[in-house]
Amino acid sequence: MSTSKQADASDQAADAPEQPRTTGVYVYGIVPADVETEDDAVGVDDSRVSIVRHGDIAALVSEISVDRPIGKPADLQAHAHLLDGVARVAPVLPLRFGAVLTDTDAVKDELLTAHADEFAAAMEELEGKAQYVVKGRYVEHAILWEVIGENERASAMRDTIRDQPEAATRDARMALGEIVANAIVAKREEDTATVVEALDSLADSVNVREPTHEEDAAQVAVLVEVARQDELEQAVGALAEQWDGRVEMRLLGPLAAYDFVLSPTPEG
């Protein structure tokens, strides 16, 4: 009797539907296999970051609930913060934000093994390098006066609408705004070219980004040897001095090389 009951229980267990997974493995990027994570390294949702290794390459991962939607600003910040921290000490290939696989075996087989040669070659290209972003933002009043001073029509329109009721000069104000906007686009092209020229001798690769603000003077990503960061800072400092009071300059980095290499998105 007991033997029959045990057999029935075994059959029921075998026939029971497989329980859906409640967790997955979030993958941040690819690094050399000898990279070690800090004890306090955290990823999306404050999860503990670990490493899955395969030969000479490895993946930065953390466990995540599959029921938790990914896409909050804090998630993107955690993703970037982790990769940018690694970029200071080792080459890192960033994966697209939101890459999740079923488990660590899938990370090893479907990602690392499947793309081993590709990853190794990209890692070699990035050795000793990181991405930096040079940003310039026009000082509003300075660029406005520059445009008006260079454009007779804009200057005349400015004089026409000065101290006049807004309702009575609506069309003129809109026309002046269009002149200024078009002039800033032209100046952005010139000033971006100046930035690229100033960084050309330092950068292995350059990517001009699209503006994200109407007063952007330049947004240029460069791939530079980390050992030459001081030279890069000096070049950006020279531009800041040249454009003092006209353009506010910023240098971000070292960062992961988002603009220059992007690993394939694994299929979870």
Side-chain angles (χ1 to χ4, degrees), residues 71-74 76-77 80 84 94 96-97 130-224 228-229 231-262:
K72 298 177 181 178
L76 183 57
Q77 291 169 6
D84 294 343
R96 288 180 176 84
F97 175 69
Q131 175 171 313
Y132 297 82
V133 178
V134 179
K135 292 188 175 185
R137 175 71 61 85
Y138 290 119
V139 177
E140 183 177 5
H141 71 274
I143 198 64
L144 179 60
W145 282 108
E146 184 177 315
V147 169
I148 290 175
E150 295 172 353
N151 189 303
E152 291 183 4
R153 184 180 174 214
S155 180
M157 294 180 74
R158 189 266 325 258
D159 293 340
T160 299
I161 66 178
R162 180 183 289 167
D163 300 326
Q164 296 295 315
E166 185 172 342
T169 58
R170 180 175 177 273
D171 291 343
R173 290 176 187 274
M174 290 179 61
L176 178 58
E178 185 176 353
I179 290 173
V180 171
N182 290 337
I184 288 177
V185 169
K187 287 182 178 296
R188 180 185 298 126
E189 292 179 358
E190 294 175 1
D191 293 334
T192 297
T194 298
V195 172
V196 171
E197 183 179 0
L199 306 180
D200 185 61
S201 63
L202 291 169
D204 287 71
S205 298
V206 176
N207 182 49
V208 175
R209 291 180 166 184
E210 291 296 317
T212 56
H213 190 278
E214 61 185 6
E215 291 169 5
D216 278 352
Q219 279 208 52
V220 180
V222 291
L223 189 64
V224 176
R228 303 189 71 182
Q229 181 172 327
E231 296 176 65
L232 179 61
E233 291 173 353
Q234 291 172 13
V236 176
L239 286 170
E241 185 175 347
Q242 175 184 335
W243 287 335
D244 185 34
R246 177 179 181 266
V247 179
E248 295 176 346
M249 299 296 298
R250 296 175 60 201
L251 175 62
L252 308 179
L255 310 170
Y258 306 101
D259 285 61
F260 302 102
V261 291
L262 197 62

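Just so you know, these numbers use all the heavy atoms, side chains as well, and skip hydrogens, waters and symmetry mates.
At a threshold of 4.5 Å between non-hydrogen side-chain atoms, the residues V139 and H141 count as touching. In this structure the side chain of K187 never reaches within 4.5 angstrom of the side chain of V247, judged on heavy atoms. Taking 4.5 Å as the limit, every side-chain heavy atom of E231 sits out of range of all side-chain heavy atoms of V224. By the 4.5 Å heavy-atom criterion applied to side chains, E214 and I184 are not counted as neighbours. Looking at heavy atoms from C-beta onward, L199 lies out of side-chain contact with Y132 at the 4.5 angstrom threshold. Put simply, the side chain of N151 reaches to within 4.5 Å of the side chain of I179, judged on heavy atoms.
Residue pairs meeting the salt bridge (Lys or Arg N to Asp or Glu O under 4.0 Å) criterion with at least one partner in residues 134-145, sequence neighbours excluded, are R137-D216.
With values rounded to the nearest 0.5 angstrom, Q219 atom CD is found 11.0 Å from H213 atom NE2. The OH atom of Y258 sits 8.0 Å away from atom CD of Q131, with the distance rounded to the nearest 0.5 Å. A distance of 7.0 Å separates CD in Q229 from CG in L251, rounded to the nearest 0.5 Å. Annotation: the span from I143 atom CD1 to I148 atom CD1 amounts to 11.0 Å, rounded to 0.5 Å. Note: L144 CG to E215 CD = 9.5 Å, rounded to the nearest 0.5 Å.
Of the candidates V196, V195, D259, L223, V206 forms a side-chain contact (heavy atoms from CB on, under 4.5 Å) with just one, namely V196.
Contact record, Y138 with D191: OH-OD2, 2.6 Å, taken as the closest heavy-atom pair. What you find for W243 and T194 is that their closest heavy atoms are CZ2-CG2, 3.9 Å. Of all heavy-atom pairs spanning L239 and A198, the tightest one is CD1-CB, 4.1 Å. Scanning all heavy atoms of the two residues, the minimum distance from G136 to M249 falls at CA-SD, 3.8 Å. Closest non-hydrogen pair, A130 versus L255, comes out as CB-O, 3.6 Å.
When atom types are taken as modelled, the side chain of T192 and the backbone of A217 share a donor-acceptor pair closer than 3.5 angstrom.
More than 12 heavy-atom neighbours from other residues, nucleotides or ligands sit within 6.0 angstrom of CD on E150.
When the salt bridge (charged side-chain N to carboxylate O under 4.0 Å, His left out) test is applied to D204, the partners found at least two apart in sequence or on another chain are K129.
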